[in-house]
Protein chains: 2
Amino acid sequence: MTVNDIARAAGVSRATVSLVLRESPLVHADTRARVQAELARQRYVYNRGAANLRRRTSSSVALVINDLSNPFFAEFAAGVDQTLAAKGYVTLLGSAGESPERQQAVLASLMEHTPAGLILSPAEGSDGESLRQVLGHSNVLLFNRAVAGTDWDFLALDNRHGAYLATCHVIGLGHRRIAFFGGHADSSSCQQRREGFAQAMAEAGLEVPEASLIESAPNRLEAAARTAELFAGDAAPTAAVCYNDNVALGLMLGLASRGIRAGRDFSITGFDDISEAAATTPALTTIAVNPRERGRQAAELLLQRIDHPEAEPRHTVATVELRIRESCGAPKRT
Amino acid sequence: MTVNDIARAAGVSRATVSLVLRESPLVHADTRARVQAELARQRYVYNRGAANLRRRTSSSVALVINDLSNPFFAEFAAGVDQTLAAKGYVTLLGSAGESPERQQAVLASLMEHTPAGLILSPAEGSDGESLRQVLGHSNVLLFNRAVAGTDWDFLALDNRHGAYLATCHVIGLGHRRIAFFGGHADSSSCQQRREGFAQAMAEAGLEVPEASLIESAPNRLEAAARTAELFAGDAAPTAAVCYNDNVALGLMLGLASRGIRAGRDFSITGFDDISEAAATTPALTTIAVNPRERGRQAAELLLQRIDHPEAEPRHTVATVELRIRESCGAPKRT
DNA sequence: CTGAAAGCGCTTACAG
DNA sequence: CTGAAAGCGCTTACAG
């Protein structure tokens, strides 16, 4: 089961077996055939860990996702794994459950397996200094969320442009009083989406009163609970650009329970294009980010980084696109 | 950066550093403190691969999923990873994309990383002999699909009972002509679900005409396309127990395009309780299998196997439960 | 309680 | 073209 056994059975040295394994042209065709026959006969399985130790290489890449049960990140992970596998890397999976503390522990554990690089979708509230300490000089690609005080490669979604597109669409339908609904105002992705929103509103000469910016944790339940805030003032909005699809779906529930029909009485857009977006009634107009393709892209970027550890850090912005569905209609004439 | 560096700096031998790392009580408290200080100062990171090589142990478990972008399996993977991480194992991820050939390649690659065990959700059409060849004497747990000619541990969903529960519910509402819709008749999970369906029908004294068993690939598109087959005969069914949620969702689309209202004109049940099931209109009555909990369970079972490699193979059946929603109503009086 | 030595399974100069 | 030797970073009997 080791090169030794094969060498002995084939009547050659370990070195020769190793050369055959690594497909070196140095070994005679006859010898190679004999060794390969023996390899097959004994069902030899290569110990890549031992080889990596000796060669001081690595054939693994760590992938740390804040929440794997989120379909968006699951698709992303599938894309990452697909590209890595095609290049001969194995994916070391880590899940941080949106907790910076757990994330530190997971990263520390993964680092002990000497990954060639690491793709990290950071938990909200990640601390740059802590991350740098645990990751040292590893090849790192950040996805989705920037972390202050770090200068690793970064693959960002075009949050600003996505929200801009959604907002322009809503304005184009004739809405004038539009809210930005959901997200934590101190998260970078929320800030960027609000910027895109503000830009579109400004370009259309529309005001953004303070009350039309409503925060909510990015989940359905809290979004539904905050629906009332939309209608607290006297000039209630007729549409909302939502932080993401989950928030939009929660808002739909909140509207329904007040007898307001999404897509008819009130227009909604989301962000992400999760699979439910197409399945709800009305289907959700949203910004598609193609998480699987983003996963492939992230893996490609990291592989480039692994090949060129000294290159300048790169900031890549992934394109997003508007997906128009029924949740977003023209305002009612009153 | 290695035990050598720490030993030199702390004025002890490598052996002593190793003992400190492994928390041996043999080393004097003062020495230990000195070594630990040095460990922290140099930000030493343990090379678990080297340790595993020397100790002939493994700290990884491979997880091979036929399709990670399926939310059901993504949840499952999250559960597996959570439990494995808590026990100090790292998850090696593999995705087979429902292709037995790719699955073989992925498994062969993962085996080179000497996992302590392997959790496999086999692709449809997996061959037992091929799997045995590539997996050798590894500790293996199969999930969801049995593979003929293997005797590894197996965690099954209670397909039969789930379909039985769904069918009894539909019968209880007053339906008499009920179809079983979707799935490949030669897959074991479809066979088992059909058995549960047949049992419930038999217990209620209802017939199952050949035409009421309709096959379809387990995806939305093909299910929608096969809707017509339900209504081909003269005594069309008033309800369908579907192979899974995706099929049920596809059927809903097919019905809608014919002007038939799910939950009012026609009753539907699914299987899996994917997140869309609660979001569609009407919401889908289905069988919940709690994939995250199943993932934890799978990891526990594999860890037991790793601790007792010689124990008898175990076949575990996970409970499922009926989740009643609006897609399943009483038949219309005619 | 601490250190010198051997070895896990592999690879890679270096001789021949 | 092939083999003997050294070494990757760790651990573990075995002496002392």
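Quick caveat: nothing in here was measured; it's all calculated off a predicted structure. Throughout, protein chains are lettered first and strands after them, A, B, ... in sequence-line order, and every chain is numbered starting at 1.
Between the CZ atom of B:Arg34 and the C1' atom of C:dC1 there is a distance of 12 Å, given to the nearest Å. Going from atom NE2 of A:His28 over to atom P of D:dG3 covers 13 Å, rounded to whole Å. The CG-P distance, from A:Leu21 to C:dT11, rounds to 6 Å in whole Å. One atom, CG of A:Leu53, and another, C1' of C:dT11, lie 10 Å apart when rounded to the nearest Å. Atoms CZ (A:Arg8) and P (D:dT2) sit 19 Å apart, rounded to a whole Å. Rounding to whole angstrom units, CZ of residue A:Arg14 and C1' of C:dA13 are separated by 15 Å. Taking atom CZ of A:Arg54 as the reference point, atom P of C:dC10 lies 13 Å away to the nearest angstrom. In this structure, CG of A:Leu26 is placed 12 Å from P of C:dT12, rounded to the nearest angstrom.
Within the nucleic acid shown, B:Ala51 comes within 4.0 Å of sugar-phosphate atoms alone, with no base atom in reach, counting heavy atoms only. Residue contacts shown for B:Arg22 are limited to sugar-phosphate atoms, with no base heavy atom under 4.0 Å away.
Here A:Thr16 reaches the OP1 or OP2 of D:dG3: one of its side-chain N or O atoms lies under 4.0 Å away. For the pair A:Thr31 and D:dT2, the criterion of a side-chain N or O lying under 4.0 Å from OP1 or OP2 is met. Neither OP1 nor OP2 of D:dC10 sits under 4.0 Å from any side-chain N or O of B:Arg55.
Figure legend. D:dG3 is base-paired to C:dC14; pairs are counted as Watson-Crick or G-U wobble with both atom distances under 3.5 Å.
The backbone N or O of A:Ala10 sits less than 3.5 Å from a side-chain atom of A:Arg34, completing a donor-acceptor pair. Put simply, the side chain of A:Arg305 gets close to the backbone of A:His308: a donor and an acceptor are under 3.5 Å apart.
Taking every side-chain heavy atom of A:Ser13 into account, D:dG3 is the closest of D:dT11, C:dT12, D:dG3. With distances taken from any side-chain atom of B:Val3 to the nucleotides C:dT11, C:dT2, D:dC10, the minimum falls on D:dC10. Relative to the side chain of A:Val27, the nucleotides D:dT2, C:dG3, C:dC1 differ in distance, and D:dT2 lies closest.
A side-chain hydrogen bond (donor to acceptor under 3.5 Å, both in side chains) with A:Gln103 holds for exactly one of A:Ser126, A:Ser121, A:Ser95; it is A:Ser126. B:Tyr44 pairs with exactly one of B:Val17, B:Val35, B:Leu21, B:Asp5 by the side chain to side chain contact (heavy atoms under 4.5 Å, CB included) rule, that one being B:Leu21.
Mapping B:Leu19 and B:Ala50 onto DNA chain D by nearest heavy atom places B:Ala50 closer to the 5' end of the strand. Heavy-atom distances to DNA chain C give each of B:Ala15 and A:Val45 a nearest nucleotide, and the one nearer the 5′ end belongs to B:Ala15.
No salt bridge links B:Glu300 with B:Arg314; every basic N to acidic carboxylate O contact stays at or beyond 4.0 Å.
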